Amino acid sequence: MTTETIESFSELGLSENILKAVTEMGFEKPSPIQAQGIPAVMQGSDVIGQAQTGTGKTAAFGIPVLERIDPTNNAVQAVILCPTRELAVQVSEEIGRLAKYLRGVRIEAIYGGDSIDRQIRSLKKGVHIVVGTPGRVMDHMERKTLRFDQVRMMVLDEADEMLDMGFREDIESILADMPEDRQTILFSATMSKPIMSITKRFQTDPILIKVVRNELTNVNIEQVYFEVKPQAKVEVMTRLIDMHHLKSLLVFCNTKRKVDEIVEDLQLRGYASEGIHGDLRQQQRSNVMSKFKAGVTTILVATDVAARGIDVSGLDGVINYDIPLDEEYYVHRIGRTGRAGMSGKAFSLVARDEKYRLKSIEGYTKVKIEKGVIPSFEDIIGVRKARFVESISSSIKEEEDQDFYNDVLEMLHHSGFTTEQVVGAMAKQIMGVQKNEYSDGNLAWEERRGDRDGGRREGGDRFERRSSGGSRFERGGDRGGDRRGADRYAPAGRSDSRRSEGGGRDGDSRKPSAVEAGMTRLFLSLGRKDHIMPKDIVGAIAGEANIPGKTIGAIDIYDKFTFVDVPERDARAVLRAMDGNTIKGKPVQIDIAK
Ligand code: ADP
Ligand code: MG
């Protein structure tokens, strides 16, 4: 019997009661890892199963484990280890559903953070299947509240991640404490060398099942890449989120540090975002996950390993903030969207030095990833307007009892505003975008090619010009008599291009210019009247927040306040260091510029 020919669970020789539960769960057909894994585990062999996340590995071991339990023997017969509390709960729930029609099979989830006394009481009553995290299972083993002498099956789920999280010693002690003739089963999305060494020590003639992904790249996934400067990635990402109205999305990056940075950046921009990576404690992890599942958080930023095994469905899209180092990771990542017949989007943000990795991914997946055009600021405004009009229209149509607010317009009229002014201000507030913070031309890295050809365009790469020595700040714009205007100081070499963005000399041109990609504009409560000079500001910020002075960007000094641009990644540090601090002996309030 080859597994391709297996069309239904009934061909796998399962008991009636399991089949009934499987049908009730809506499973039509065993997935490839199930078609191969279930018979192998049922016949009692040691098994190594590898298949990507979301392919149904839980049922692949859960079904045969249930089939092999003897409910009349009141002892622990199977132990399933999972890397996190969240996964332990997920797995025990899935197995619980599969066991719905089996009489007398008891399953218990055992993990840290839960009351150990309660767990001890449950274990005393008699449990057949323990699903737990290695640390807590060890704990019970040492207290002798969990006995392994009748264990016949041991499953390591997401084995790679467990090793990654440092559970190797615990796993080895647990395995060493079990009867030798037990069956050892190991499932994982990836297989590393340390895993293979565990299998050598603790398994006997294992059957290796590796599901080659022929559904490798799901046809429902729209794969697009964007050429983006590294420092403009968050900006481009938020434009894509706005443009495509992504309400539930996973953002992947390669390092834990990046996860924290991106989350902070997105939060500063008002996006409901949270991160998940290996350093989080289980409690934090499950908080993050439950908020994401409830839709309170719309963007989950994760490393590859941390996202492993998390069962989140209904994603609108996946964004590869960086291009993964391993081609397989790309496949795992984008496989998280476009599930179950829904369409999904997979966007990859490619810096210049990541382009070759994208090429090798295309070679590996044999799918061409289309190059996309970064939405312009106008595009974003356009979609926000359309959505605003739509939401206002539907809210008017609802025509609930709105008497509460009927007099608001009248009150504003009394204060001297026209209806147009009121609506305009509300639209601005609700849509959230008030000015173009980033110049469209400064997001993609192909711009530099234009530079090389002699066709120098607006913007350019400020980080390179900065190091060009000379006097740090040049005075820009002549102040004339207009005291409302700002004195602009831009890093040397920048003042011309800066001013050219503003246009002519009328009052309007004195509005602060666009913030460059990768920079955040801060508002300081001190200005000309406080006799503040650029060097005071640079000195204070650089000294207090401990960032290099040369990374500080344009400074616009007005009468009573000042705008200063700092690198986005330092914005938090600057806020923390400067708030309530003083410049030239004067107390300063500092905030992200609105
Ligand atoms: P993995 O462990 O491989 O990441 P899971 O076991 O968590 O995958 O399964 C992912 C989801 O797919 C779960 O919601 C599960 O109920 C569902 N599922 C599993 N097997 C099938 C199947 N044969 N048909 C449909 N859905 C399935
Ligand atoms: Mg799993």
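Throughout, residue positions are numbered sequentially from 1 according to the sequence presented. Because the structure is predicted, anything quoted here is derived from the model rather than measured. Counting starts at 1 for both ligands and their atoms, in listed order.
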Note: Lys29, heavy atoms under 4.0 Å from ligand 1, region reported as backbone
Enumerate the atoms of ligand 1 whose separation from the nearest heavy atom of Phe9 is less than 4.0 angstrom. 23 (N)
Selection residues 6-26 - residue pairs positive for ring pair (Phe, Tyr, Trp, His ring centres under 6.0 Å), sequence neighbours left out: none
For ligand 1, find out whether one of its N or O atoms is nearer than 3.5 Å to an N or O atom of Glu94. yes
Does the ring of Phe187 carry Lys57 above it, NZ/CZ under 6.0 angstrom from centre and within 45° of its axis? no
Could you pull out, from Ile33, Thr55, Thr58, the option with a heavy atom nearest to atom 5 (P) of ligand 1? Thr58
Sub-3.5 Å N/O-N/O distance, Gly56 and ligand 1: yes
If only side-chain N and O atoms count, and only distance matters, is there a donor-acceptor pair under 3.5 Å linking Thr145 with His140? yes
Testing the 3.5 Å rule here: is there a donor-acceptor pair between the side chains of Glu86 and Thr84? no
With the threshold set at 4.0 Å, does a side-chain nitrogen-carboxylate oxygen contact exist between Asp265 and Arg269? no
